[in-house]
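Heads up, the thing below is written out as structure tokens.
For ligands, and for the atoms within them, numbers begin at 1 and follow the listed sequence.
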Amino acid sequence: MGIIKSHDITLYGGNDAYQIILRPLSDEHLPYLYKWNSDPEVLYWTEGDDVGSYPPEVVQEIYGGISQNNLCFLVEVNGRAIGDCWLQKMNLPNVREMYADSTDVRRIDMMIGEKNYWGKGIGTLFIGMLVKYAFECEQVDILHCFCEDYNIRSRRVWEKNGFTLIFKEEIPQPHKGKLQYHWKLTKDEYDEHRFAHNDAICSPPKTICREA
Ligand SMILES: CC(C)(COP(=O)(O)OP(=O)(O)OC[C@H]1O[C@@H](n2cnc3c(N)ncnc32)[C@H](O)[C@@H]1OP(=O)(O)O)[C@@H](O)C(=O)NCCC(=O)NCCS
């Protein structure tokens, strides 16, 4: 039986230097997930708790579980698999309570597992693709995302994609981070952000493709 529940959505984007494809994550990508999730330096940034490494069975649990009701993508840059990202229904009750029941609230999680690809603008680009897909194709109302205070690259990715820091939540100590940052982007704010960046709002979403 398969572990990761896949889907049929592929997103295309990037710039002159980095051709980015977000592919449906599937079991064939598990070797990458095992590698990235056993790298302490990567997990330092993705996990609030101190986790040195996740064994394969835990990786299967994490990705097998999350993919049942959410969209998981492999991030491919110039033909190379470098990370993964998720568009997930809001799973935290305290955040869910902040919005009306009828509001479609999602979160995005991201990881570049190949460390030499950090800090090159790639995270900002592929999160932009996923944000676009969320608002324009999935009709999401609000994206509510997170990073801890020590993760400046993650913080910049949210900022550069138009998210607003709406509050900082104290994290019970001792813990690596002192504050959990909550970032929000609504559909209206997304549209405004696109105008501000001269991204013609009526143009077809060229980066998006749902395969037959
Ligand atoms: C978080 C992550 C997806 C960001 O993607 P990325 O491609 O590395 O980020 P980008 O290059 O698009 O942007 C990084 C920004 O942080 C800035 N930055 C990095 N280190 C910094 C520092 N010490 N001080 C100030 N700014 C810093 C960069 O200058 C850049 O901002 P700029 O474009 O305004 O100059 C990627 O780094 C990653 O996967 N890291 C490990 C896992 C992780 O942290 N996941 C997120 C958990 S919340």
Side-chain angles (χ1 to χ4, degrees), residues 11 13-23 25 29 32-54 58-59 62-63 66 70-88 90-92 95 105-134 143-171 175-185 193 196-197 199 207:
L11 311 181
N15 59 19
D16 290 347
Y18 302 113
Q19 192 194 21
I20 303 179
I21 304 180
L22 299 188
R23 295 194 185 278
L25 196 68
H29 304 129
Y32 297 117
L33 304 178
Y34 297 148
K35 178 188 174 202
W36 301 330
N37 285 284
S38 60
D39 184 332
E41 210 185 331
V42 173
L43 294 177
Y44 174 85
W45 298 102
T46 53
E47 305 306 297
D49 297 323
D50 286 322
V51 182
S53 174
Y54 282 128
V58 174
V59 173
I62 294 171
Y63 288 86
I66 207 78
N70 300 289
L71 295 171
C72 300
F73 294 91
L74 181 83
V75 181
E76 194 183 282
V77 172
N78 296 342
R80 183 166 179 204
I82 67 150
D84 66 277
C85 58
W86 309 342
L87 177 64
Q88 184 187 171
M90 179 49 65
N91 60 339
L92 301 180
V95 174
V105 187
R106 314 263 186 115
R107 60 183 282 179
I108 288 175
D109 293 86
M110 58 190 172
M111 172 214 272
I112 297 178
E114 298 295 333
K115 293 172 285 194
N116 51 342
Y117 284 77
W118 290 352
K120 297 178 185 302
I122 293 168
T124 302
L125 286 169
F126 76 72
I127 291 304
M129 293 161 61
L130 199 49
V131 166
K132 183 181 176 94
Y133 173 76
L143 287 171
H144 186 124
C145 303
F146 309 93
C147 72
E148 294 191 9
D149 48 6
Y150 66 92
N151 197 335
I152 295 170
R153 281 187 300 262
S154 178
R155 176 189 179 133
R156 289 294 295 139
V157 166
W158 302 129
E159 286 174 340
K160 288 189 281 179
N161 275 293
F163 284 73
T164 304
L165 179 60
I166 52 165
F167 66 94
K168 300 174 183 180
E169 185 182 21
E170 288 193 13
I171 302 172
H175 189 90
K176 215 164 23 188
K178 302 249 173 310
L179 297 167
Q180 172 82 291
Y181 287 6
H182 289 244
W183 300 92
K184 186 172 96 165
L185 184 64
H193 186 73
H197 291 77
D199 187 0
T207 62

| remark: Under 4.0 Å between heavy atoms, the region of Arg153 that gets near ligand 1 turns out to be both
| request: Compute the shortest N/O to N/O distance between Met111 and ligand 1 and return yes if it is under 3.5 Å, no if not. | output: no
| remark: Ranking Ile108, Asp109, Val157 by closest non-hydrogen atom to atom 4 (C) of ligand 1, top hit is Val157
| Taking the non-hydrogen atoms of Gly83, is any one of them nearer than 4.0 angstrom to ligand 1? | no
| Quick check, are the ring centers of Tyr150 and Trp45 under 6.0 angstrom apart? | yes
| Greater than 12 external heavy atoms within 6.0 Å of Gln19's CD | no
| task | Do me a favour and list the nearest non-hydrogen protein atom to atom 5 (O) of ligand 1 with residue, atom name and distance? | result | Gly123 CA, 3.4 Å
| Is atom 47 (C) of ligand 1 less than 4.0 angstrom from some protein heavy atom? | yes
| query | Does an N or O from Cys147, backbone or side chain, lie closer than 3.5 Å to an N or O of ligand 1? | reply | no
| said: Taking atom OH as the centre, does Tyr32 end up with more than 12 heavy-atom neighbours from other residues, nucleotides or ligands that are less than 6.0 angstrom away? | reply: no
| remark: The answer for which part of Ile112 has a heavy atom under 4.0 Å from ligand 1 is both
| request: Measure the distances from the heavy atoms of Lys160 to every atom of ligand 1 and state whether one is below 4.0 angstrom. | output: yes
| request: Provide the closest heavy-atom pair for Cys72 versus Ile66 in the form atom of the first, atom of the second, distance. | output: SG-CG2, 3.5 Å
| task | Say whether, by atom type as modelled, one donor and one acceptor occur between the side chain of Asn161 and the main chain of Thr124 under 3.5 angstrom. | result | yes
| What atoms of ligand 1 come closer than 4.0 angstrom to any heavy atom of Ile152? | 21 (C), 22 (C), 24 (N), 25 (C), 26 (N), 27 (C)
| query | Within the structure, does at least one protein heavy atom fall under 4.0 Å of atom 7 (O) of ligand 1? | reply | yes
| request: Please report the closest heavy-atom contact between Cys85 and Leu130, naming both atoms and the distance. | output: SG-CD2, 3.7 Å
| said: Does only the side chain of Arg155 get under 4.0 Å from ligand 1, or the backbone, or both, or neither? Count heavy atoms. | reply: neither
| query | Do any N or O atoms from the side chain of Lys176 and from the backbone of Tyr44 form a donor-acceptor pair under 3.5 angstrom? | reply | yes
| said: For the 3.5 Å polar cut-off, considering only N or O atoms, please tell me whether Thr46 and ligand 1 meet it. | reply: no
| task | Would you mind listing which atoms of ligand 1 come within a distance below 4.0 Å of any non-hydrogen atom of Gly119? | result | 6 (P), 7 (O), 8 (O), 11 (O)
| field | Criterion side-chain contact (heavy atoms from CB on, under 4.5 Å) on Asp84 and Trp36, from CA distance to verdict | value | CA-CA 10 Å; Asp84 66 277; Trp36 301 330; 4.0 Å; yes
| field | Nearest-neighbour protein heavy atom for atom 11 (O) of ligand 1, which is reported as residue plus atom name and distance | value | Gly121 N, 2.7 Å
| Please state which protein non-hydrogen atom is closest to atom 12 (O) of ligand 1 and give its distance, to 0.1 Å? | Thr124 OG1, 2.5 Å
| query | Under the 4.0 Å line, does any protein heavy atom show up next to atom 2 (C) of ligand 1? | reply | no
| query | Hey, does the side chain of Asn37 reach the backbone of Tyr54 with a donor-acceptor pair shorter than 3.5 angstrom? | reply | no
| query | Under 3.5 Å, side chain of Trp183 to main-chain N/O of Arg155, donor-acceptor pair present? | reply | no
| Proximal ligand 1 atoms for Ile122, defined as those under 4.0 Å from one of its heavy atoms | 7 (O), 12 (O)
| query | Would you call the rings of Trp86 and Tyr63 parallel, tilted or perpendicular if under 30° counts as parallel and over 60° as perpendicular? | reply | perpendicular
| task | Tell me which protein heavy atom sits closest to atom 34 (O) of ligand 1, plus the residue, atom name and distance to 0.1 Å. | result | Arg156 NH2, 2.7 Å
| ligand 1 to Phe126 polar contact by distance, N or O atoms, under 3.5 Å | no
| request: Please report the closest heavy-atom contact between Ser154 and Met110, naming both atoms and the distance. | output: OG-CE, 3.2 Å
| Side chain, backbone, both or neither: the part of Leu125 lying under 4.0 Å from ligand 1 by heavy atom | neither
